[in-house]
Amino acid sequence: MIENGCLPSHIAIIMDGNGRWARQQGFARFRGHKQGAESVREITRECSKKQIKQLTLYAFSQENWRRPQREINLLMGLLKNYLVNERKEIKENNIRLTAIGRIYGLPEDVQRELTISIEESKNNTGMVLCLALNYGGRSEIVDAAKNIAESVKLGKITTEEITEEIFKKYLYTCDMADPDLLIRTGGEMRVSNFLLWEISYTELWVTPVCWPDFKKVHLEEAIYDYAHRERRFGGLRA
Ligand code: FPP
């Protein structure tokens, strides 16, 4: 039993291992992504039930464009279907959908469905589900730096006024709290250009379980582990 105060408010997930899962089962890589979309559904529902405030999912990185065109097309198709098919569930669960990343770089049909889902759910008051799409942590920081430079040029702020708090206001995540817990499935020990600014003090939890196999029981294991950690944010034990 975990008291509500010990639950992470914001969980971010690097959903890795779809390809390996498929290979282990003797399937083509795409079957792994398809099964991964099922885990997205289950984990979103569970987080919402547990009253987690925000779930951020790394669904497509900037680096993922390096994959074969066929896999990219299949992933984009899967994403589009997900956006259309999940609208009802998102509405019923009072979830607000948002997205971060260079959204303008996605195929137009995906952008269109994303805009509809964001618009339709914008007044929902429950969990925020944020999809990181065509996302890169370094690009996010570069985009912020460019916009700050523009603000300085226009005389909206001065160089001396730039602080961490001001910088944060220029990030894609300007209106979000930083993640409390970052889960990575598939066992790799790296952050892969995900939320580089935002995870400075985030607790990390890595599991060898591949994303298509990641279910409620694993989520609860991660949350349990998080609840028993002591977060000092660079300070001393209380
Ligand atoms: C990493 O697995 C996963 C991705 C690149 C894509 C994540 C996409 C999904 C979970 C499905 C669609 C998403 C939504 C929101 C419906 P990998 O292919 O790198 O696995 P590997 O490291 O084992 O090869």
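Atoms within a ligand are numbered from 1 in the order they appear, just like the ligands themselves.
- Residue contact annotation: L57 has no non-hydrogen atom under 4.0 Å from ligand 1.
- By the ring pair (Phe, Tyr, Trp, His ring centres under 6.0 Å) test, W205 pairs with no residue at all, sequence neighbours left out.
- Listed by number with element, the atoms of ligand 1 under 4.0 angstrom from any heavy atom of R29 are 17 (P), 18 (O), 24 (O).
- The protein atom (non-hydrogen) at minimum distance from atom 7 (C) of ligand 1 is A59 O, 3.5 Å.
- Within the structure, ligand 1 lacks G186 among the residues with a heavy atom less than 4.0 angstrom away.
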For this session: Just do the salt bridge (charged side-chain N to carboxylate O under 4.0 Å, His left out) check on R45 and E42 with the steps written out, would you?
Result: CA-CA 5 Å; R45 199 175 308 130; E42 173 164 341; over 6 Å; no
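- At a threshold of 4.0 Å, the pair R29-E71 counts as salt-bridged, since one of the basic side-chain nitrogens sits closer than that to a carboxylate oxygen.
- Ligand-side atoms of ligand 1 in range of W211: 10 (C), range being under 4.0 angstrom from any heavy atom.
- Protein heavy atom in closest approach to atom 3 (C) of ligand 1: M15 O, 3.1 Å.
- Close N/O approach between Y58 and ligand 1 is not found [any backbone or side-chain N/O within under 3.5 Å].
- Within a 6.0 Å radius of CZ in R31, other residues, nucleotides and ligands contribute 12 heavy atoms or fewer.
- Taking Ile, Leu, Val, Met, Phe, Trp and Tyr as hydrophobic and joining them when side-chain heavy atoms fall under 4.5 Å apart, one finds Y201 in a cluster with F233.
- A donor and an acceptor atom, one from each side chain of N193 and E63, are located under 3.5 Å apart.
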For this session: Show your reasoning for whether side chain to side chain contact (heavy atoms under 4.5 Å, CB included) applies to D178 and K168.
Result: CA-CA 10 Å; D178 290 343; K168 166 90 187 168; 3.1 Å; yes
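- D225 places no side-chain N or O within 3.5 Å of a backbone atom of E221 that could act as its donor or acceptor partner.
- In the vicinity of R67, heavy-atom distances shorter than 4.0 Å reach the ligand 1 atoms 5 (C), 17 (P), 18 (O), 19 (O).
- Every atom of ligand 1 with a heavy atom of H33 under 4.0 Å away is listed here by number and element: 11 (C), 18 (O).
- In terms of protein heavy atoms, atom 9 (C) of ligand 1 is closest to N18 ND2, 3.7 Å.
- Among all protein heavy atoms, the one lying closest to atom 5 (C) of ligand 1 is N64 OD1, 3.6 Å.
- Counting the atoms of ligand 1 from 1 in the order shown, those under 4.0 Å from a heavy atom of R20 are 21 (P), 22 (O), 23 (O).
- Ring geometry, H228 versus Y224: the interplanar angle falls from 30° to 60°, so the pair is classed tilted.
- The nearest heavy-atom contact from the protein to atom 14 (C) of ligand 1 is V40 CG2, 4.1 Å.
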For this session: Take E120 and I90 through the test side chain to side chain contact (heavy atoms under 4.5 Å, CB included) and record every step on the way to the result.
Result: CA-CA 10 Å; E120 277 187 4; I90 284 178; over 6 Å; no
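- Between L75 and ligand 1, not a single N/O pair is under 3.5 Å apart.
- Of the protein's non-hydrogen atoms, L78 CD2, 4.0 Å is the one closest to atom 12 (C) of ligand 1.
- The shortest separation from a heavy atom of E188 to ligand 1 is not under 4.0 Å, leaving the residue out of contact.
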